[in-house]
Amino acid sequence: MPKAFIALGSNLGDRRRNIAEAVEKMKRRGIKIVKMSSIIETEPYGYKDQDKFLNAACLVETELSPMELLDVLLVIEKEMGRERRIRWGPRNIDLDLIFYEDWVIRDERLTVPHPDAHNRTFVMGPIAEIEPDFVHPVLKKRVVEIYRELAK
Ligand SMILES: Nc1ncnc2c1ncn2[C@@H]1O[C@H](COP(=O)(O)OP(=O)(O)OP(=O)(O)O)[C@@H](O)[C@H]1O
Ligand SMILES: Nc1nc2c(c(=O)[nH]1)N=C(CO)CN2
């Protein structure tokens, strides 16, 4: 079954509960959670004037196509009442599709690998924790190496 990595983030409301709820919702929609990273607290990236985030990542298995998987993630965000206001601003839940197998997708609705993931310690750290040897299909580097370079 195809494998994908999903990054989760929350900086509004009960952050830990929001992450747990999003994971439950993915399971209920038939997405198999193979590995779940630790949940870490991180300083806001991009738009800095906001509260700290909790971030995590999971490795999933799914028969959904990348676009179908994205749609499920967007539905879950919507069900959880997420409102889109500021780019890179506060949110109760953010679900990003980071990798889907070793596919490279450049569609107007979906870019995989996520185009900024390699610049984010809060994405590379959790993925490196669960699957350090996974190779970024564009950069051709292991995620643990990308993470180490970011953390320097
Ligand atoms: N790999 C991806 N994962 C999630 N969304 C994506 C991806 N590639 C493109 N998108 C598109 O991005 C749109 C906006 O996403 P979102 O509001 O979460 O952006 P953001 O969280 O502010 O920024 P970022 O994606 O850089 O974290 C989604 O509706 C989706 O169509
Ligand atoms: N630390 C951290 N910063 C962020 C995050 C996030 O998940 N974690 N998500 C954002 C939305 O794109 C913007 N900034």
Side-chain angles (χ1 to χ4, degrees), residues 1-13 15-23 26-27 31-62 64-74 76-77 80 82 84-152:
M1 219 190 297
K3 288 186 169 57
F5 291 89
I6 312 288
L8 304 95
S10 171
N11 78 334
L12 274 182
R15 301 172 301 168
R16 199 166 284 277
R17 194 182 162 144
N18 293 338
I19 287 177
E21 188 178 336
V23 169
M26 288 197 270
K27 285 188 197 164
I31 296 169
K32 185 174 171 208
I33 311 292
V34 181
K35 288 184 191 172
M36 181 79 206
S37 75
S38 312
I39 296 177
I40 53 172
E41 186 168 60
T42 62
E43 294 294 331
Y45 165 92
Y47 179 72
K48 299 248 188 313
D49 187 18
Q50 58 179 324
D51 294 336
K52 288 181 186 176
F53 280 78
L54 287 187
N55 285 105
C58 55
L59 168 61
V60 305
E61 277 180 4
T62 178
L64 299 172
S65 69
M67 207 60 83
E68 289 168 336
L69 181 55
L70 172 71
D71 283 335
V72 168
L73 300 181
L74 294 175
I76 293 173
E77 287 181 348
M80 292 183 64
R82 175 168 155 194
R84 285 166 196 279
R85 283 184 235 108
I86 310 167
R87 179 171 187 239
W88 290 355
R91 54 221 39 219
N92 57 337
I93 193 71
D94 187 24
L95 301 171
D96 285 333
L97 174 53
I98 307 301
F99 300 119
Y100 186 99
E101 294 282 304
D102 59 352
W103 295 17
V104 177
I105 305 165
R106 294 192 176 104
D107 179 90
E108 61 177 28
R109 286 185 58 227
L110 178 64
T111 305
V112 171
H114 183 288
D116 201 34
H118 63 282
N119 295 320
R120 301 180 178 186
T121 33
F122 60 86
V123 174
M124 288 298 125
I127 295 180
E129 179 193 347
I130 56 179
E131 204 78 340
D133 295 332
F134 185 83
V135 175
H136 189 300
V138 174
L139 303 179
K140 313 279 187 209
K141 271 189 198 167
R142 292 155 67 223
V143 290
V144 66
E145 292 171 48
I146 300 173
Y147 173 65
R148 280 196 203 123
E149 280 168 22
L150 284 175
K152 263 183 203 162

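Basis for what follows: all heavy atoms, side chains included, without hydrogens, waters or symmetry-related copies.
Counting non-hydrogen atoms of neighbouring residues, nucleotides and ligands closer than 6.0 angstrom, the CG atom of D49 reaches no more than 12 such neighbours.
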Checklist line | Check against side-chain contact (heavy atoms from CB on, under 4.5 Å), L54 and R16 | finding: CA-CA 7 Å; L54 287 187; R16 199 166 284 277; 4.1 Å; yes

Next item on the list: In sequence, state the C-alpha distance, the side-chain angles, and the governing distance for N92 and S10, and then conclude on side chain to side chain donor-acceptor pair (under 3.5 Å).
Entry: CA-CA 5 Å; N92 57 337; S10 171; over 6 Å; no

Note to self: Is there a side-chain contact (heavy atoms from CB on, under 4.5 Å) between K32 and T62? Walk through the geometry before answering.
What the structure shows: CA-CA 6 Å; K32 185 174 171 208; T62 178; over 6 Å; no

Next item on the list: Would you sort out whether I105 and T111 count as a side-chain contact (heavy atoms from CB on, under 4.5 Å), showing the intermediate values?
Entry: CA-CA 5 Å; I105 305 165; T111 305; over 6 Å; no

Notebook entry, point to check: How far apart are the C-alpha atoms of L8 and M26, what are their side-chain angles, what is the distance that settles it, and do they pass the side-chain contact (heavy atoms from CB on, under 4.5 Å) test?
Noted result: CA-CA 12 Å; L8 304 95; M26 288 197 270; 4.1 Å; yes

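In terms of heavy atoms, E77 sits closest to I93 at CA-CG2, 4.0 Å. For the pair I98 and V112, the tightest heavy-atom approach, listed with the atom from each and the gap, is O-CG1, 4.0 Å. In terms of heavy-atom proximity, E101 sits nearest to K3 at OE2-N, 2.6 Å. W103 approaches P137 most closely through the heavy-atom pair O-CG, 4.1 Å. The heavy-atom pair separating H136 from I146 by the smallest distance is CB-CD1, 3.7 Å.
Proximity of H118 to K141: side-chain heavy atoms (C-beta onward) are nowhere separated by under 4.5 Å. Counting only heavy atoms from C-beta outward, the side chains of I6 and D96 never approach each other to under 4.5 Å. Taking 4.5 Å as the limit, some side-chain heavy atom of K52 sits within range of a side-chain heavy atom of R15.
A salt bridge links E145 with R142: at least one charged nitrogen is closer than 4.0 Å to a carboxylate oxygen. Salt-bridge check for E43 with K48: failed, with every basic side-chain N at 4.0 Å or more from each acidic carboxylate O.
The distance from atom CG of L95 to atom CG of L74, rounded to the nearest 0.5 Å, is 8.5 Å. A distance of 9.5 Å separates CE of M36 from CD of E129, quoted to the nearest 0.5 Å. Rounding to the nearest 0.5 Å places CE of M67 at 7.5 Å from CG of D71. Interatomic distance, L64 CG to M1 CE, rounded to the nearest 0.5 Å: 10.0 Å. For the atom pair CD of E61 and CG of L59, the computed distance is 7.0 Å after rounding to the nearest 0.5 Å. Between the CG atom of L69 and the OH atom of Y100 there is a distance of 7.0 Å, given to the nearest 0.5 Å.
Ring centroid separation for the pair F99 and H114 does not come in under the 6.0 Å cut-off.
Contacts of P132 classified as side-chain contact (heavy atoms from CB on, under 4.5 Å), with partners at least two apart in sequence or in another chain: V144. With sequence neighbours excluded, the residues satisfying side chain to side chain donor-acceptor pair (under 3.5 Å) with Y45 are D116.
With N55 as the fixed residue, the side-chain hydrogen bond (donor to acceptor under 3.5 Å, both in side chains) test singles out one of T42, N11, T121, D94: T42.
Panel note: side chain S37, backbone I130; no donor-acceptor pair is recorded below 3.5 Å. Side chain of N18 to backbone of L12: a donor-acceptor contact under 3.5 angstrom is found. Judged by distance alone, the side chain of E131 and the main-chain N or O of A128 form no donor-acceptor pair under 3.5 Å.
In this pair, F122 and F53 present their aromatic rings parallel. The plane angle is below 30°, not in the 30 to 60° band.
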